[in-house]
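Notes to accompany the following structure.
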2 protein chains.
Amino acid sequence: MPRAGLDPAAVVAAGAALADEVGIARLTMGLLAERVGVRTPSLYKHVAGQNDLNRRIAALALNEAADAVGSAVQGYAGRDALGAAARAFRAFVLEHPGRYAATIGVEPTGPDDPMAAAGQRLLGAFTAVLRGYEVAESDVNHALRLLRSLCHGFATLQSAGGFQWSTDVDESFEWLIRFADRGLRAM
Amino acid sequence: MPRAGLDPAAVVAAGAALADEVGIARLTMGLLAERVGVRTPSLYKHVAGQNDLNRRIAALALNEAADAVGSAVQGYAGRDALGAAARAFRAFVLEHPGRYAATIGVEPTGPDDPMAAAGQRLLGAFTAVLRGYEVAESDVNHALRLLRSLCHGFATLQSAGGFQWSTDVDESFEWLIRFADRGLRAM
DNA sequence: GCTCAAAGCTACTGTCATTAGCCACGCTCG
DNA sequence: CGAGCGTGGCTAATGACAGTAGCTTTGAGC
(Lines give C-alpha, C1' and ligand atoms only; values in the text may rest on other atoms or scores of the structure.)
Protein backbone atom coordinates (compact mmCIF):
# COMPACT_ATOMS: atom_id res chain seq x y z
CA MET A 1 0.00 0.00 0.00
CA PRO A 2 1.67 3.19 -1.12
CA ARG A 3 1.32 6.08 1.30
CA ALA A 4 -1.01 8.82 0.22
CA GLY A 5 0.99 11.53 1.93
CA LEU A 6 -1.98 13.04 3.67
CA ASP A 7 -2.00 15.38 6.63
CA PRO A 8 -4.80 17.17 8.48
CA ALA A 9 -4.50 20.32 6.38
CA ALA A 10 -4.80 18.40 3.13
CA VAL A 11 -7.83 16.48 4.37
CA VAL A 12 -9.53 19.67 5.52
CA ALA A 13 -8.76 21.46 2.26
CA ALA A 14 -10.19 18.56 0.26
CA GLY A 15 -13.22 18.48 2.53
CA ALA A 16 -13.82 22.18 2.02
CA ALA A 17 -13.53 21.84 -1.75
CA LEU A 18 -15.90 18.89 -1.74
CA ALA A 19 -18.37 20.78 0.46
CA ASP A 20 -18.38 23.59 -2.09
CA GLU A 21 -19.13 21.10 -4.85
CA VAL A 22 -21.82 18.91 -3.35
CA GLY A 23 -23.06 20.93 -0.37
CA ILE A 24 -22.10 20.52 3.24
CA ALA A 25 -25.04 18.21 3.90
CA ARG A 26 -23.84 15.69 1.34
CA LEU A 27 -20.24 15.74 2.47
CA THR A 28 -19.73 12.22 3.79
CA MET A 29 -16.59 10.64 5.12
CA GLY A 30 -16.81 8.02 2.40
CA LEU A 31 -16.98 10.59 -0.37
CA LEU A 32 -14.09 12.55 1.07
CA ALA A 33 -12.02 9.40 1.47
CA GLU A 34 -12.59 8.50 -2.16
CA ARG A 35 -11.62 12.02 -3.19
CA VAL A 36 -8.28 11.88 -1.41
CA GLY A 37 -7.60 8.30 -2.55
CA VAL A 38 -7.91 6.47 0.71
CA ARG A 39 -10.37 4.21 2.57
CA THR A 40 -12.81 5.81 4.96
CA PRO A 41 -11.25 4.80 8.30
CA SER A 42 -7.89 6.24 7.28
CA LEU A 43 -9.36 9.73 7.50
CA TYR A 44 -9.63 9.28 11.24
CA LYS A 45 -5.84 9.34 11.44
CA HIS A 46 -5.99 13.01 10.48
CA VAL A 47 -9.29 14.35 11.83
CA ALA A 48 -11.14 13.20 14.91
CA GLY A 49 -14.48 12.74 13.12
CA GLN A 50 -17.10 14.54 11.15
CA ASN A 51 -17.62 17.11 13.86
CA ASP A 52 -13.96 17.94 14.01
CA LEU A 53 -13.76 18.07 10.22
CA ASN A 54 -16.69 20.47 10.12
CA ARG A 55 -15.10 22.76 12.69
CA ARG A 56 -11.79 22.78 10.82
CA ILE A 57 -13.53 23.56 7.54
CA ALA A 58 -15.37 26.38 9.30
CA ALA A 59 -12.12 27.80 10.68
CA LEU A 60 -10.54 27.59 7.23
CA ALA A 61 -13.53 29.37 5.69
CA LEU A 62 -13.49 32.17 8.24
CA ASN A 63 -9.76 32.69 7.78
CA GLU A 64 -10.12 32.76 4.00
CA ALA A 65 -13.04 35.17 4.26
CA ALA A 66 -11.01 37.39 6.56
CA ASP A 67 -8.14 37.32 4.05
CA ALA A 68 -10.46 38.17 1.17
CA VAL A 69 -12.18 41.03 2.98
CA GLY A 70 -8.96 42.29 4.48
CA SER A 71 -7.09 42.50 1.21
CA ALA A 72 -10.08 43.90 -0.68
CA VAL A 73 -10.21 46.80 1.75
CA GLN A 74 -6.51 47.68 1.35
CA GLY A 75 -6.09 51.22 0.12
CA TYR A 76 -9.71 52.20 0.40
CA ALA A 77 -11.61 54.17 2.98
CA GLY A 78 -15.18 55.14 3.73
CA ARG A 79 -17.72 54.16 1.15
CA ASP A 80 -15.19 52.52 -1.13
CA ALA A 81 -13.89 50.37 1.70
CA LEU A 82 -17.42 49.41 2.72
CA GLY A 83 -18.30 48.45 -0.83
CA ALA A 84 -15.10 46.50 -1.33
CA ALA A 85 -15.53 44.62 1.93
CA ALA A 86 -19.16 43.76 1.33
CA ARG A 87 -18.57 42.67 -2.26
CA ALA A 88 -15.56 40.57 -1.29
CA PHE A 89 -17.51 38.88 1.47
CA ARG A 90 -20.48 38.09 -0.71
CA ALA A 91 -18.27 36.87 -3.54
CA PHE A 92 -16.51 34.56 -1.13
CA VAL A 93 -19.76 33.07 0.16
CA LEU A 94 -21.13 32.57 -3.34
CA GLU A 95 -17.91 30.97 -4.58
CA HIS A 96 -17.54 28.78 -1.52
CA PRO A 97 -21.06 28.07 -0.32
CA GLY A 98 -20.21 24.74 1.23
CA ARG A 99 -17.33 25.80 3.42
CA TYR A 100 -19.16 28.93 4.49
CA ALA A 101 -22.21 26.87 5.39
CA ALA A 102 -19.92 24.86 7.67
CA THR A 103 -19.58 27.96 9.84
CA ILE A 104 -23.31 28.21 10.52
CA GLY A 105 -24.54 26.83 13.80
CA VAL A 106 -21.10 25.97 15.14
CA GLU A 107 -20.25 27.57 18.43
CA PRO A 108 -16.60 28.00 19.37
CA THR A 109 -15.71 25.64 22.20
CA GLY A 110 -13.39 27.97 24.04
CA PRO A 111 -11.22 31.04 23.79
CA ASP A 112 -8.36 29.16 22.14
CA ASP A 113 -10.57 27.55 19.51
CA PRO A 114 -9.04 28.28 16.09
CA MET A 115 -12.54 29.05 14.86
CA ALA A 116 -12.95 31.83 17.39
CA ALA A 117 -9.65 33.36 16.33
CA ALA A 118 -10.67 33.19 12.67
CA GLY A 119 -13.99 34.84 13.49
CA GLN A 120 -12.13 37.61 15.27
CA ARG A 121 -9.96 38.17 12.22
CA LEU A 122 -13.03 38.53 10.00
CA LEU A 123 -14.56 40.91 12.49
CA GLY A 124 -11.33 42.87 12.53
CA ALA A 125 -11.49 43.34 8.78
CA PHE A 126 -14.92 44.90 9.11
CA THR A 127 -13.79 47.00 12.04
CA ALA A 128 -11.20 48.55 9.75
CA VAL A 129 -14.01 49.62 7.44
CA LEU A 130 -15.76 51.42 10.28
CA ARG A 131 -12.69 53.52 10.95
CA GLY A 132 -13.52 55.48 7.81
CA TYR A 133 -16.78 56.63 9.37
CA GLU A 134 -17.37 58.80 12.39
CA VAL A 135 -18.91 56.12 14.55
CA ALA A 136 -18.99 56.78 18.28
CA GLU A 137 -16.94 54.40 20.36
CA SER A 138 -20.08 53.11 22.06
CA ASP A 139 -21.69 52.36 18.70
CA VAL A 140 -18.86 50.39 17.12
CA ASN A 141 -20.11 47.04 18.36
CA HIS A 142 -23.64 47.78 17.21
CA ALA A 143 -22.45 48.88 13.80
CA LEU A 144 -20.28 45.80 13.50
CA ARG A 145 -23.22 43.57 14.24
CA LEU A 146 -25.28 45.47 11.71
CA LEU A 147 -22.72 44.92 8.96
CA ARG A 148 -22.27 41.29 9.90
CA SER A 149 -26.02 40.67 9.93
CA LEU A 150 -26.47 42.42 6.61
CA CYS A 151 -23.69 40.60 4.80
CA HIS A 152 -24.37 37.24 6.37
CA GLY A 153 -28.11 37.52 5.87
CA PHE A 154 -27.94 38.62 2.28
CA ALA A 155 -25.28 36.15 1.24
CA THR A 156 -26.87 33.15 2.91
CA LEU A 157 -30.35 34.02 1.66
CA GLN A 158 -29.07 34.33 -1.88
CA SER A 159 -26.90 31.23 -1.59
CA ALA A 160 -29.97 29.29 -0.44
CA GLY A 161 -32.04 30.60 -3.36
CA GLY A 162 -34.14 32.64 -0.97
CA PHE A 163 -34.72 35.52 -3.35
CA GLN A 164 -37.27 35.45 -6.13
CA TRP A 165 -36.04 36.33 -9.59
CA SER A 166 -38.20 39.38 -9.95
CA THR A 167 -35.41 41.89 -9.35
CA ASP A 168 -31.71 41.73 -10.09
CA VAL A 169 -29.86 40.49 -7.01
CA ASP A 170 -26.56 42.27 -7.72
CA GLU A 171 -28.45 45.50 -8.03
CA SER A 172 -30.12 44.88 -4.68
CA PHE A 173 -26.75 44.31 -3.10
CA GLU A 174 -25.34 47.55 -4.45
CA TRP A 175 -28.45 49.31 -3.21
CA LEU A 176 -27.87 47.74 0.19
CA ILE A 177 -24.26 48.96 0.28
CA ARG A 178 -25.38 52.50 -0.52
CA PHE A 179 -28.03 52.25 2.18
CA ALA A 180 -25.50 51.18 4.80
CA ASP A 181 -23.05 53.87 3.67
CA ARG A 182 -25.65 56.63 3.96
CA GLY A 183 -26.67 55.40 7.38
CA LEU A 184 -23.12 55.22 8.67
CA ARG A 185 -22.22 58.64 7.31
CA ALA A 186 -25.27 60.18 8.98
CA MET A 187 -24.01 59.46 12.46
CA MET B 1 -53.06 -1.78 18.99
CA PRO B 2 -55.06 1.31 19.65
CA ARG B 3 -54.93 3.94 16.98
CA ALA B 4 -52.90 7.01 17.81
CA GLY B 5 -55.21 9.30 15.85
CA LEU B 6 -52.38 10.95 13.96
CA ASP B 7 -52.60 13.01 10.82
CA PRO B 8 -49.98 14.89 8.82
CA ALA B 9 -50.63 18.16 10.65
CA ALA B 10 -50.15 16.56 14.06
CA VAL B 11 -46.94 14.86 12.97
CA VAL B 12 -45.57 18.10 11.52
CA ALA B 13 -46.54 20.08 14.63
CA ALA B 14 -44.83 17.53 16.87
CA GLY B 15 -41.80 17.56 14.60
CA ALA B 16 -41.58 21.34 14.77
CA ALA B 17 -41.85 21.30 18.56
CA LEU B 18 -39.19 18.63 18.79
CA ALA B 19 -36.93 20.54 16.42
CA ASP B 20 -37.21 23.56 18.71
CA GLU B 21 -36.21 21.41 21.66
CA VAL B 22 -33.32 19.39 20.33
CA GLY B 23 -32.30 21.26 17.19
CA ILE B 24 -33.19 20.44 13.63
CA ALA B 25 -30.03 18.38 13.16
CA ARG B 26 -30.96 16.00 15.96
CA LEU B 27 -34.56 15.56 14.84
CA THR B 28 -34.69 11.90 13.84
CA MET B 29 -37.65 9.89 12.67
CA GLY B 30 -37.20 7.54 15.62
CA LEU B 31 -37.28 10.36 18.15
CA LEU B 32 -40.34 11.89 16.56
CA ALA B 33 -42.09 8.52 16.45
CA GLU B 34 -41.43 8.01 20.14
CA ARG B 35 -42.76 11.49 20.85
CA VAL B 36 -46.08 10.85 19.12
CA GLY B 37 -46.38 7.35 20.56
CA VAL B 38 -45.87 5.27 17.45
CA ARG B 39 -43.20 3.11 15.82
CA THR B 40 -40.93 4.73 13.28
CA PRO B 41 -42.35 3.27 10.05
CA SER B 42 -45.84 4.47 10.94
CA LEU B 43 -44.73 8.05 10.43
CA TYR B 44 -44.38 7.30 6.73
CA LYS B 45 -48.16 6.98 6.53
CA HIS B 46 -48.38 10.71 7.18
CA VAL B 47 -45.26 12.24 5.71
CA ALA B 48 -43.28 11.02 2.72
CA GLY B 49 -39.93 11.07 4.51
CA GLN B 50 -37.52 13.31 6.30
CA ASN B 51 -37.26 15.67 3.38
CA ASP B 52 -41.00 16.08 3.18
CA LEU B 53 -41.21 16.52 6.95
CA ASN B 54 -38.54 19.21 6.82
CA ARG B 55 -40.37 21.09 4.07
CA ARG B 56 -43.64 20.93 5.96
CA ILE B 57 -42.02 22.19 9.15
CA ALA B 58 -40.47 25.01 7.13
CA ALA B 59 -43.86 25.96 5.66
CA LEU B 60 -45.41 25.90 9.12
CA ALA B 61 -42.62 28.09 10.49
CA LEU B 62 -42.95 30.64 7.68
CA ASN B 63 -46.70 30.81 8.14
CA GLU B 64 -46.37 31.26 11.88
CA ALA B 65 -43.72 33.93 11.39
CA ALA B 66 -45.98 35.70 8.91
CA ASP B 67 -48.83 35.57 11.44
CA ALA B 68 -46.61 36.90 14.22
CA VAL B 69 -45.19 39.73 12.15
CA GLY B 70 -48.54 40.52 10.55
CA SER B 71 -50.42 40.84 13.79
CA ALA B 72 -47.59 42.70 15.52
CA VAL B 73 -47.76 45.37 12.85
CA GLN B 74 -51.52 45.90 13.20
CA GLY B 75 -52.33 49.48 14.10
CA TYR B 76 -48.82 50.80 13.71
CA ALA B 77 -47.14 52.71 10.93
CA GLY B 78 -43.68 53.97 10.08
CA ARG B 79 -41.06 53.50 12.71
CA ASP B 80 -43.42 51.81 15.15
CA ALA B 81 -44.47 49.30 12.54
CA LEU B 82 -40.87 48.60 11.59
CA GLY B 83 -39.89 48.06 15.22
CA ALA B 84 -42.88 45.87 15.92
CA ALA B 85 -42.24 43.74 12.83
CA ALA B 86 -38.55 43.31 13.48
CA ARG B 87 -39.04 42.50 17.17
CA ALA B 88 -41.81 40.03 16.41
CA PHE B 89 -39.67 38.31 13.81
CA ARG B 90 -36.65 38.03 16.04
CA ALA B 91 -38.74 36.83 18.98
CA PHE B 92 -40.23 34.14 16.79
CA VAL B 93 -36.85 32.89 15.62
CA LEU B 94 -35.43 32.85 19.14
CA GLU B 95 -38.47 31.06 20.55
CA HIS B 96 -38.60 28.57 17.69
CA PRO B 97 -35.03 28.13 16.53
CA GLY B 98 -35.54 24.59 15.30
CA ARG B 99 -38.48 25.15 13.03
CA TYR B 100 -36.97 28.35 11.67
CA ALA B 101 -33.74 26.55 10.95
CA ALA B 102 -35.80 24.12 8.88
CA THR B 103 -36.46 26.96 6.42
CA ILE B 104 -32.77 27.52 5.70
CA GLY B 105 -31.41 25.99 2.57
CA VAL B 106 -34.72 24.66 1.33
CA GLU B 107 -35.73 25.86 -2.10
CA PRO B 108 -39.40 25.83 -3.07
CA THR B 109 -40.02 23.15 -5.66
CA GLY B 110 -42.57 25.06 -7.68
CA PRO B 111 -45.08 27.89 -7.69
CA ASP B 112 -47.74 25.88 -5.85
CA ASP B 113 -45.37 24.76 -3.10
CA PRO B 114 -46.96 25.62 0.27
CA MET B 115 -43.56 26.87 1.38
CA ALA B 116 -43.45 29.42 -1.40
CA ALA B 117 -46.89 30.69 -0.44
CA ALA B 118 -45.87 30.95 3.21
CA GLY B 119 -42.74 32.84 2.21
CA GLN B 120 -44.86 35.24 0.21
CA ARG B 121 -47.09 35.84 3.22
CA LEU B 122 -44.08 36.72 5.36
CA LEU B 123 -42.79 39.00 2.64
CA GLY B 124 -46.22 40.62 2.47
CA ALA B 125 -46.10 41.43 6.16
CA PHE B 126 -42.84 43.30 5.66
CA THR B 127 -44.19 45.00 2.55
CA ALA B 128 -46.93 46.47 4.70
CA VAL B 129 -44.25 48.03 6.90
CA LEU B 130 -42.68 49.72 3.90
CA ARG B 131 -45.97 51.45 3.05
CA GLY B 132 -45.35 53.74 6.01
CA TYR B 133 -42.22 55.05 4.31
CA GLU B 134 -41.84 56.98 1.11
CA VAL B 135 -40.02 54.31 -0.82
CA ALA B 136 -40.01 54.62 -4.59
CA GLU B 137 -41.80 51.85 -6.42
CA SER B 138 -38.53 50.75 -8.03
CA ASP B 139 -36.85 50.48 -4.62
CA VAL B 140 -39.48 48.39 -2.87
CA ASN B 141 -37.87 45.08 -3.77
CA HIS B 142 -34.44 46.26 -2.72
CA ALA B 143 -35.75 47.58 0.58
CA LEU B 144 -37.59 44.33 1.18
CA ARG B 145 -34.43 42.35 0.63
CA LEU B 146 -32.59 44.68 2.96
CA LEU B 147 -35.08 44.12 5.76
CA ARG B 148 -35.15 40.41 5.16
CA SER B 149 -31.37 40.18 5.17
CA LEU B 150 -31.10 42.26 8.32
CA CYS B 151 -33.69 40.35 10.30
CA HIS B 152 -32.66 36.94 9.04
CA GLY B 153 -28.97 37.65 9.50
CA PHE B 154 -29.28 39.06 12.98
CA ALA B 155 -31.67 36.43 14.24
CA THR B 156 -29.77 33.47 12.86
CA LEU B 157 -26.41 34.80 14.02
CA GLN B 158 -27.72 35.30 17.51
CA SER B 159 -29.54 31.99 17.52
CA ALA B 160 -26.28 30.28 16.55
CA GLY B 161 -24.40 32.06 19.33
CA GLY B 162 -22.50 34.07 16.75
CA PHE B 163 -22.21 37.21 18.84
CA GLN B 164 -19.66 37.66 21.59
CA TRP B 165 -20.95 38.69 24.97
CA SER B 166 -19.19 42.02 25.01
CA THR B 167 -22.22 44.14 24.22
CA ASP B 168 -25.90 43.65 24.98
CA VAL B 169 -27.59 41.97 22.06
CA ASP B 170 -31.07 43.43 22.60
CA GLU B 171 -29.52 46.86 22.60
CA SER B 172 -27.78 46.11 19.31
CA PHE B 173 -31.07 45.04 17.80
CA GLU B 174 -32.83 48.24 18.86
CA TRP B 175 -29.91 50.18 17.45
CA LEU B 176 -30.30 48.27 14.21
CA ILE B 177 -34.02 49.09 14.04
CA ARG B 178 -33.27 52.79 14.50
CA PHE B 179 -30.60 52.56 11.81
CA ALA B 180 -33.00 51.02 9.32
CA ASP B 181 -35.71 53.52 10.22
CA ARG B 182 -33.42 56.49 9.66
CA GLY B 183 -32.27 55.08 6.36
CA LEU B 184 -35.77 54.41 5.10
CA ARG B 185 -37.02 57.83 6.15
CA ALA B 186 -34.15 59.51 4.35
CA MET B 187 -35.31 58.34 0.95
C1' DG C 1 -72.70 -7.42 10.92
C1' DC C 2 -69.57 -6.67 6.50
C1' DT C 3 -66.23 -4.46 3.80
C1' DC C 4 -62.23 -2.22 3.01
C1' DA C 5 -59.14 1.63 3.07
C1' DA C 6 -56.30 3.61 6.32
C1' DA C 7 -53.02 3.28 10.01
C1' DG C 8 -50.33 0.53 12.68
C1' DC C 9 -46.68 -3.13 13.26
C1' DT C 10 -42.50 -6.40 12.52
C1' DA C 11 -38.69 -7.56 9.75
C1' DC C 12 -35.37 -6.20 6.63
C1' DT C 13 -32.07 -3.46 3.64
C1' DG C 14 -28.71 -0.05 2.64
C1' DT C 15 -25.97 3.97 4.00
C1' DC C 16 -22.95 6.13 7.13
C1' DA C 17 -20.01 7.25 11.13
C1' DT C 18 -16.96 5.34 14.09
C1' DT C 19 -13.95 1.85 16.52
C1' DA C 20 -10.77 -2.17 16.99
C1' DG C 21 -7.07 -4.29 15.72
C1' DC C 22 -3.72 -5.72 12.21
C1' DC C 23 0.29 -4.74 8.97
C1' DA C 24 3.45 -2.43 5.80
C1' DC C 25 6.23 1.51 4.80
C1' DG C 26 10.04 4.10 5.34
C1' DC C 27 12.78 7.05 8.52
C1' DT C 28 16.39 7.02 12.09
C1' DC C 29 20.20 5.30 14.39
C1' DG C 30 23.61 2.13 15.22
C1' DC D 1 23.38 -1.81 5.50
C1' DG D 2 19.99 -3.69 8.73
C1' DA D 3 17.02 -3.53 12.98
C1' DG D 4 13.46 -0.89 15.37
C1' DC D 5 9.43 1.54 15.54
C1' DG D 6 6.04 5.14 14.87
C1' DT D 7 2.83 6.52 11.50
C1' DG D 8 -0.59 5.93 8.15
C1' DG D 9 -3.04 2.74 5.78
C1' DC D 10 -6.21 -1.42 5.64
C1' DT D 11 -10.13 -4.96 6.70
C1' DA D 12 -13.83 -6.16 9.61
C1' DA D 13 -17.35 -5.17 12.65
C1' DT D 14 -20.78 -2.30 15.33
C1' DG D 15 -24.55 0.71 15.89
C1' DA D 16 -27.60 4.51 14.53
C1' DC D 17 -30.81 5.91 10.99
C1' DA D 18 -33.79 6.38 6.83
C1' DG D 19 -36.70 4.06 4.26
C1' DT D 20 -39.36 -0.25 2.15
C1' DA D 21 -42.17 -4.62 2.00
C1' DG D 22 -45.76 -6.82 3.37
C1' DC D 23 -48.88 -8.40 7.06
C1' DT D 24 -52.65 -7.21 10.53
C1' DT D 25 -56.05 -4.66 12.76
C1' DT D 26 -59.18 -0.98 13.38
C1' DG D 27 -63.28 1.41 12.81
C1' DA D 28 -66.29 4.25 9.71
C1' DG D 29 -69.85 3.77 6.41
C1' DC D 30 -73.06 0.88 4.49
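This is a predicted model, so every value here is computed, not measured. Residue numbering restarts at 1 for every chain, and letters A, B, ... go by the order of the sequence lines.
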Begin from the C-alpha positions of B/F89 and B/Y100 and carry the test ring pair (Phe, Tyr, Trp, His ring centres under 6.0 Å) through to its verdict.
CA-CA 11 Å; B/F89 182 81; B/Y100 186 75; 5.6 Å; yes
Take A/F92 and A/H96 through the ring pair (Phe, Tyr, Trp, His ring centres under 6.0 Å) test and state the conclusion after the steps.
CA-CA 6 Å; A/F92 177 80; A/H96 303 289; 5.0 Å; yes
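The distance between atom CZ of B/R26 and atom C1' of D/dC17, rounded to the nearest whole Å, is 15 Å. With rounding to whole Å, B/L18 atom CG is found 15 Å from D/dC17 atom C1'. Distance CG (A/L43) to P (D/dG9): 9 Å, rounded to an integer number of Å. Protein atom CG of B/L6 is 14 Å distant from nucleotide atom P of D/dG27, rounded to whole Å. Look at NZ on B/K45: it is 18 Å from P on D/dA18, rounded to the nearest Å.
Heavy atoms of other residues, nucleotides or ligands lying less than 6.0 angstrom from CZ of B/F163 number more than 12.
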Per-nucleotide protein contact string for nucleotides 13-20 of chain C (B base, S sugar-phosphate only, - none; heavy atom under 4.0 Å)
----SBB-
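One finds no side-chain N or O of A/H46 lying less than 4.0 angstrom from the OP1 or OP2 phosphate oxygen of D/dT7. B/S42 has a side-chain polar atom (N or O) that falls below the 4.0 Å cut-off from OP1 or OP2 of C/dC9.
With A/N63 contributing its side chain and A/A118 its backbone, the two residues share no donor-acceptor pair below 3.5 Å.
Evaluated for a side chain to side chain contact (heavy atoms under 4.5 Å, CB included) with B/I57, the options B/V11, B/T103, B/L27 yield exactly one hit, B/L27.
One finds a salt bridge joining B/R90 and B/D170 here, because a Lys/Arg side-chain nitrogen approaches an Asp/Glu carboxylate oxygen to under 4.0 Å.
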